[in-house]
Amino acid sequence: MAEPIKLIIDTDPGVDDAVAILMALAVPEIKILGLTTVGGNVPLARTTRNALALLQAAGRSDIPVAKGASRPLRGRFKYAPQFHGPGGLSHRLPDPSVDPVTKGAVEFLYDQVTADEPGEVTVVALGPLTNIAQLFWERPFALEQAKNIIVMGGAVNAPGNVTPKAEFNIYSDPVAAEVVIASGLPITLVDLAACRQVGISREQAMGLRSDHPMGRLTLNMLQGWFRKEPSRQRFEFYDPLAMAIALEPAIATVTKVDLDVGLEENESWGETSESGGPGEITLPLEVNSTRFFGLLVGLLELKGF
Ligand code: RIB
Ligand code: CA
């Protein structure tokens, strides 16, 4: 990895969020400035509790957590307990003994992104884009100071995972997604077409072990996810791929696209479609899965892969 980077992770933990966060925690050179939480996979109170509990379990309660949006810019979150479990994680973690900071997510994001010289902080958005859009609305120039903004979301020229056309994070708050995608900010959109290139079978996952604290926590989540539902045969690394691309952009080839977001209350709700012509959004295309798994295995010291 090149020079050390400063990260803020906007997240709705969420099993795959947890794996992505643990990957970042396993990189000594990374400075995680904080987590900002958003409703999405489960309600905000639960995603915030999970973020605090995960950091505590990792021995990193020093990292601040700031609470964000409990609902999207329009409508309500649909939640995904069928995938992440009612509590949002597939492994029981002790309740956190620390609270989130009193500052809200939008103010926290603003303060962190503008604290240093421009171009210092990478924002990794792993849930609905409500907090990011809110910041753009309230302080339009703040995010221009980010080094880049890596978003897990969308299904460009690929089937969705909530409806045939829509991916969960975008579907959960398409108005926010439209604000962010149309902002002209340096967005990398790690969509389902990229994420589906990095998955693991039940057999592979259950055969893994690790002596690394973050690796053990990761395997508790991953193996717990398979145990919860005997019919589950493959786990796709949605948020972990976005994190990996934030850490090592060369993991995937990219193209530049302009995207439209489906805002009609019909079957195109939350769709992400190319609007033609060279665009502003960086879209990963071909993922080097060997390099992705090399990073995952190396960081978390996974054995038996
Ligand atoms: O579609 C996958 C995304 O939705 C991931 O971020 C997952 O955590 C859920 O939030
Ligand atoms: Ca997520």
Side-chain angles (χ1 to χ4, degrees), residues 7-24 35-44 46-51 54 65 68-72 76-91 105 123-132 149-156 158-174 176-177 180-181 187-200 218 221-222 224-225 228 232 234-246 261-262 269-272 283-284 287:
L7 280 192
I8 298 183
I9 307 171
D10 190 69
T11 180
D12 62 334
V15 176
D16 59 323
D17 301 69
V19 175
I21 293 164
L22 291 166
M23 284 170 69
L35 304 187
T36 50
T37 56
V38 60
N41 288 321
V42 287
L44 176 67
R46 196 70 200 176
T47 59
T48 304
R49 179 265 174 205
N50 291 343
L54 185 70
V65 173
S70 60
R71 54 189 297 181
R76 293 205 174 280
F77 287 132
K78 309 290 184 297
Y79 306 130
Q82 71 286 0
F83 185 90
H84 296 273
L89 294 177
S90 49
H91 174 71
V123 177
V124 180
L126 304 178
L129 289 165
T130 317
N131 295 334
I132 310 299
I149 304 168
I150 314 287
V151 173
M152 191 280 133
V156 182
N161 60 357
V162 187
T163 70
K165 295 185 174 181
E167 177 278 328
F168 180 82
N169 286 337
I170 309 300
Y171 180 86
S172 296
D173 194 345
V180 174
I181 285 172
I187 306 288
T188 295
L189 188 76
V190 184
D191 81 326
L192 290 180
C195 296
R196 286 179 175 133
Q197 298 176 48
V198 285
I200 189 171
T218 294
M221 295 289 164
L222 197 53
W225 183 83
K228 291 278 185 211
R232 288 170 176 169
R234 177 175 166 83
F235 178 90
E236 287 168 340
F237 288 96
Y238 303 125
D239 293 340
L241 180 61
M243 183 60 72
I245 289 174
V261 178
W269 176 264
E271 180 181 13
T272 43
L283 182 73
V287 176

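Everything quoted here is computed from the prediction, not taken from an experiment. All ligand and atom numbering here is 1-based and tracks the order in the structure.
Taking every heavy atom of Asp16 and a limit of under 4.0 angstrom, the matching atoms of ligand 1 come to 5 (C), 6 (O), 7 (C), 8 (O). Close approach to Asp12 involves these atoms of ligand 1, each under 4.0 Å from a residue heavy atom: 10 (O). The atoms of ligand 1 that sit less than 4.0 Å from any heavy atom of Asn169 are 3 (C), 4 (O), 5 (C), 6 (O), 9 (C), 10 (O). The distance from ligand 1 to the heavy atoms of Phe168 drops below 4.0 Å at these ligand atoms: 1 (O), 4 (O), 9 (C), 10 (O). Using a 4.0 Å cut-off to heavy atoms of Glu167, the atoms of ligand 1 that qualify are 1 (O), 2 (C), 3 (C), 4 (O). Distances below 4.0 Å separate heavy atoms of Met152 from the following atoms of ligand 1: 2 (C), 3 (C), 5 (C), 6 (O). Each of the atoms 2 (C) of ligand 1 lies under 4.0 Å from some heavy atom of Tyr238.
Summary of contacts: the protein heavy atom closest to atom 9 (C) of ligand 1 is Asn41 OD1, 3.1 Å. Nearest non-hydrogen protein atom to atom 6 (O) of ligand 1 is Asp239 OD1, 2.6 Å.
Between Trp269 and Val162 the shortest side-chain heavy-atom distance does not fall below 4.5 Å. For the pair Asn161/Tyr238, a side-chain contact is recorded, criterion being any heavy-atom separation below 4.5 Å from C-beta on. The shortest side-chain heavy-atom distance between Val65 and Leu35 falls under the 4.5 Å cut-off. In this structure the side chain of Cys195 never reaches within 4.5 angstrom of the side chain of Glu236, judged on heavy atoms. Proximity of His84 to Asp16: side-chain heavy atoms (C-beta onward) are separated by under 4.5 Å at one or more points. Side chains of Leu44 and Phe77 form no contact here, defined as non-hydrogen atoms less than 4.5 Å apart.
With a 4.0 Å cut-off on non-hydrogen atoms, Asn161 touches ligand 1 through its side chain and not its backbone.
Between the OD2 atom of Asp17 and the O atom of Leu126, the angle centred on the Ca ion (ligand 2) amounts to 90° when rounded to 10°. With the Ca ion (ligand 2) as vertex, Asp239 OD2 and Asp12 OD1 subtend 140°, rounded to 10°.
Note: an N/O pair closer than 3.5 Å links Leu126 and ligand 1 by distance alone. Considering backbone and side-chain atoms together, Asp17 places an N or O closer than 3.5 Å to an N or O of ligand 1.
Tested against Asp12 for a side chain to side chain donor-acceptor pair (under 3.5 Å), the candidates Asn50, Thr37, Asn41 yield a single pass: Asn41. For the side chain to side chain contact (heavy atoms under 4.5 Å, CB included) with Val190, the lone residue among Asp239, Ile150, Val151 that qualifies is Ile150.
Under the 30°/60° scheme for interplanar angles, the aromatic rings of Trp225 and Phe83 are found to be tilted.
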